[in-house]
*Asks:* 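Here you go, one structure.
When reading the values below, keep in mind they use all heavy atoms of this one structure, side chains included, and skip hydrogens, waters and symmetry mates. Residue numbers begin at 1 in each chain, while the letters A, B, ... track the order of the sequences.
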Amino acid sequence: MESPLLQIKDLHKSYGSLEVLKGIDFSVSKGEKVAVIGPSGSGKSTCLRCVNFLEKPSRGHIILDGERVGVKPGSDRLMSDAELAPQRAQMGMVFQLFYLWPHLTVLENVSIGLRKVQGVPSNEASEIAMDMLEKVHLGNKANTFPGLLSGGQQQRVAIARALAQRPKLLLFDEPTSALDPELVGEVLNVIQELADEGRTMLLVTHEINFARDIADRVIFMDGGVVVEEGPARELITNPQAERTRVFLSKIEK
Amino acid sequence: MIEFLEVYVKYGSQWFPRMADAALVSASLAFAGFIVAFAIGLMLSIFQRSPLRLLRFVATIYVVVFRGIPLLAILFLLYFGLPGIGVTMSAFTASAVGLGLSFGAQMAEVFRAGLEAIHRGQREAAIAVGMTPLQAFRFVTLPQAVRIISPSMLVTFIVLLKDSSLCALITVNELMLEGRALATEYFLPLNIFVAIGVFYFLIAWPLSLLARTMDARIRAKQTRTL
Amino acid sequence: MLDKIQHILIALLGGISVTISVTLGALIIAVLLGLLLGVVRSFTKWKLLRFTIDVYVELFRNIPALAILFIIYFGLGSVGLRLGSVTAAILGLGLIGGAVLCDVFRAGFSALHSGQREAAIAIGMTPYQTIRLILAPQAIRIALPPLGNYAIQLLKDTSIASAIAAPEIMFFARTLVTSTFETTLIYICAAGIYLLLSLPLFRAIQSIEKRFGVGR
Ligand SMILES: Nc1ncnc2c1ncn2[C@@H]1O[C@H](COP(=O)(O)OP(=O)(O)OP(=O)(O)O)[C@@H](O)[C@H]1O
Ligand SMILES: [Mg+2]
């Protein structure tokens with residue numbers, strides 16, 4: 001069997017004396033869509049942010065495509081941000097609060113990584129960026145500034161920005177929870193379309209129904225550990241662990 | 001370096017008492033100037049909020065003019081210029097007035113920023129509980145404004161204190177002038193002006209730290225309540 | 001009367017070019033130094049470097065400009081480091097400005113949300129690229145209004161250079177006084193020239209504030 005694209009092994013993270021992740025293990029295969037659910041404060045964001053080393057794990061391994069992330073090969077020394085850059089470039093990340101760059105146009109937000117990180121010539125970068133914007137149905141907004149867009153549009157630009165990295169893996173951290181309810185749909189639709197293209201995704205979400213429909217597998221986290229994981233439909237309709245059941249029944253209301 | 005410091009050991013007992021006396025003059029000059037600036041600034045900010053267009057216009061012109069003219073020009077005009085048309089003042093008075101005129105414009109800005117920083121809801125809430133507009137200003141807006149602007153007032157005072165050194169150029173016997181006198185007496189300008197700089201620093205720096213602490217405290221409070 | 005004013009203005013004109021050169025020279029030093037110090041102070045992990053910059057900033061922000069000019073011009077001059085009065089003025093005011101603008105740019109950087117940086121490193125930018133392409137342009141934009149105010153202050157502060165005999169407007173005015181005795185009028189004219197020079201700067205600040213607005 002082919003080894004998984006992403007492996008998370010024995011991941012721990014503490015802030016001072018507060019242990020937020022207490023040994024997380026799971027993996028994501030190529031083309032697989034994995035949703036992470038769980039109550040607030042359970043460590044979902046922290047786990048996701050450890051994958052691309054926005055947070056430095058206290059212990060454990062992150063392995064992307066056979067390569068250990070954030071640690072110098074052949075030693076135990078952590079990489080600096082400069083050394084991490086090429087690895088982070090392989091993972092696209094979509095944040096809850098978008099974090100578009102307000103001083104750049106929508107097109108520049110998407111193309112700047114192509115030009116400056118991937119070294120794609122300017123013209124070509126703009127073309128690719130334009131394609132990505134078309135993909136999220138925002139080709140007509142290319143030359144506006146992000147501040148003038150709605151939340152849903154901003155989040156779709158952020159998705160286009162992540163796509164422009166040509167990433168092996170897409171990380172989503174509650175991409176719709178900062179949005180007004182009527183704007184959630186347009187973003188979920190875009191994510192659905194990307195899923196249909198067969199992209200590999202790791203998605204933290206509160207949208208249980210969406211997780212059930214889109215994900216191959218669901219991971220339920222609570223208190224810094226993985227309580228239960230399994231095929232999406234099965235886990236959500238028929239959870240095994242008591243804690244999962246309680247969580248899901250609360251959400252249902 | 002050692003040589004440089006040895007000079008202070010040798011002459012310190014002659015220099016420092018004179019510098020300290022002059023520093024007191026600098027301090028009183030700064031206080032006098034600040035009081036004038038405070039009064040002018042307060043008046044300007046009342047003008048700015050006046051319903052009368054003329055008063056608002058006067059305030060605007062005042063701020064533009066005095067923010068555009070160097071303090072030194074004002075001091076020279078008051079001390080050397082006005083006697084030409086029959087108005088004479090002592091150097092100290094001219095300095096206090098000059099500092100006050102110049103920094104009055106800055107104080108007006110400080111007051112304005114302070115009043116604007118208070119959330120409109122505060123006043124509205126006061127009126128909603130039945131206060132008159134005057135009461136709302138007196139009991140709700142004003143006390144908050146004073147607290148918000150006190151750090152920037154302190155910062156303005158520090159700048160004023162530093163700029164009071166210019167009054168040496170119109171013969172006020174303050175720290176800087178004492179420095180020049182010493183420099184011509186002892187022919188050690190580097191040592192003397194460095195010492196003068198240190199004197200100013202020792203007065204201004206603690207005040208700067210205080211202003212920063214006050215500011216940080218107020219900010220922390222503001223994030224907690226709107 | 002108009003005759004006299006015209007005569008005075010023409011006499012003072014000689015100082016304008018020095019006033020402008022000192023302003024521009026010091027402004028260039030101040031912006032470059034302030035940006036460098038501001039960036040380094042905001043991002044270096046090196047404690048000693050941060051401390052050194054803090055000391056520099058505190059010193060130059062809490063000592064009067066006149067004292068600094070005297071130290072540079074008379075003080076250093078007395079130990080063999082003789083600078084021209086204009087050079088000394090540019091250097092002194094520039095060094096002070098570097099400290100002022102260091103704080104201004106630092107405030108600009110710290111006003112940015114941490115997500116701005118995170119989004120940049122997440123797409124694979126190096127720390128240097130993140131600062132240059134993402135953070136600095138935004139921080140500089142935030143710094144523009146206080147930078148404008150600083151420029152006005154600097155223009156006025158160049159008058160202090162007359163105390164070390166730099167031949168700028170105030171110096172010309174003082175010289176003129178000794179030969180014509182029209183003191184009142186001369187100083188009013190000098191003040192007027194500064195005011196006229198500062199007006200374009202006021203305009204610039206206003207248009208910047210309008211353009212970039214508050215809360216962007
Ligand atoms: N930088 C930090 N410093 C200290 N504690 C932190 C930090 N970041 C997160 N935490 C704590 O770690 C715990 C887990 O946070 P995390 O954001 O990962 O939870 P989450 O599962 O994503 O929750 P939510 O659903 O609310 O986003 C929380 O208790 C939080 O307070
Ligand atoms: Mg979270």
*Asks:* Shortest non-hydrogen contact from I123(C) to V117(A)?
*Replies:* O-CG1, 3.8 Å
*Asks:* Does Y15(A), at its OH atom, have more than 12 non-hydrogen atoms belonging to other residues, nucleotides or ligands within less than 6.0 Å?
*Replies:* yes
*Asks:* If I compare all heavy atoms of Q138(C) with all of P102(A), which pair ends up nearest, and what's the gap?
*Replies:* OE1-CG, 3.3 Å
*Asks:* At a 4.5 Å cut-off on heavy atoms, which part of D81(A) comes close to chain C: side chain, backbone, both, or neither?
*Replies:* both
*Asks:* Counting distance only, does the side-chain N/O of H103(A) pair as donor-acceptor with the main-chain N or O of A136(C) below 3.5 Å?
*Replies:* no
*Asks:* Among residues at least two apart in sequence or on other chains, which ones pass ring-ring contact (aromatic ring centres under 6.0 Å, His included) with F95(A)?
*Replies:* Y99(A)
*Asks:* Quick one: pull up CZ in R88(A) and CD in E118(C) and give me the separation to the nearest 0.5 Å.
*Replies:* 9.0 Å
*Asks:* Counting heavy atoms not belonging to N123(A), are there more than 12 under 6.0 Å from its CG?
*Replies:* no
*Asks:* Give me the atom names and distance for the closest heavy-atom approach of K116(A) to Q129(C).
*Replies:* O-NE2, 2.8 Å
*Asks:* Which distance, rounded to the nearest 0.5 Å, do you find between the CG of L112(C) and the CH2 of W101(A)?
*Replies:* 13.0 Å
*Asks:* For Q116(C), is it the side chain, the backbone, both or neither that has a heavy atom under 4.5 Å from a heavy atom of chain A?
*Replies:* both
*Asks:* So, taking the atom named CZ in F53(A) and the one named CD1 in I121(C), what distance separates them when rounded to the nearest 0.5 Å?
*Replies:* 11.5 Å
*Asks:* Check whether M93(A) gets within reach of chain C through its side chain, its backbone, both or neither, counting any heavy atom under 4.5 Å.
*Replies:* side chain
*Asks:* Do other residues, nucleotides or ligands put more than 12 heavy atoms under 6.0 Å from K168(A) NZ?
*Replies:* yes
*Asks:* For E207(A), what residues pass the salt bridge (Lys or Arg N to Asp or Glu O under 4.0 Å) criterion, not counting sequence neighbours?
*Replies:* none
*Asks:* Can you say whether L84(A) sits under 4.5 Å from chain C via the side chain, the backbone, both, or neither, judging by heavy atoms?
*Replies:* neither
*Asks:* For A119(C) and R161(A), which heavy atoms make the closest approach, and how far apart are they?
*Replies:* CB-NH2, 3.5 Å
*Asks:* If you take all heavy atoms of N52(A) and A122(C), which pair is closest and at what distance?
*Replies:* ND2-CB, 4.0 Å
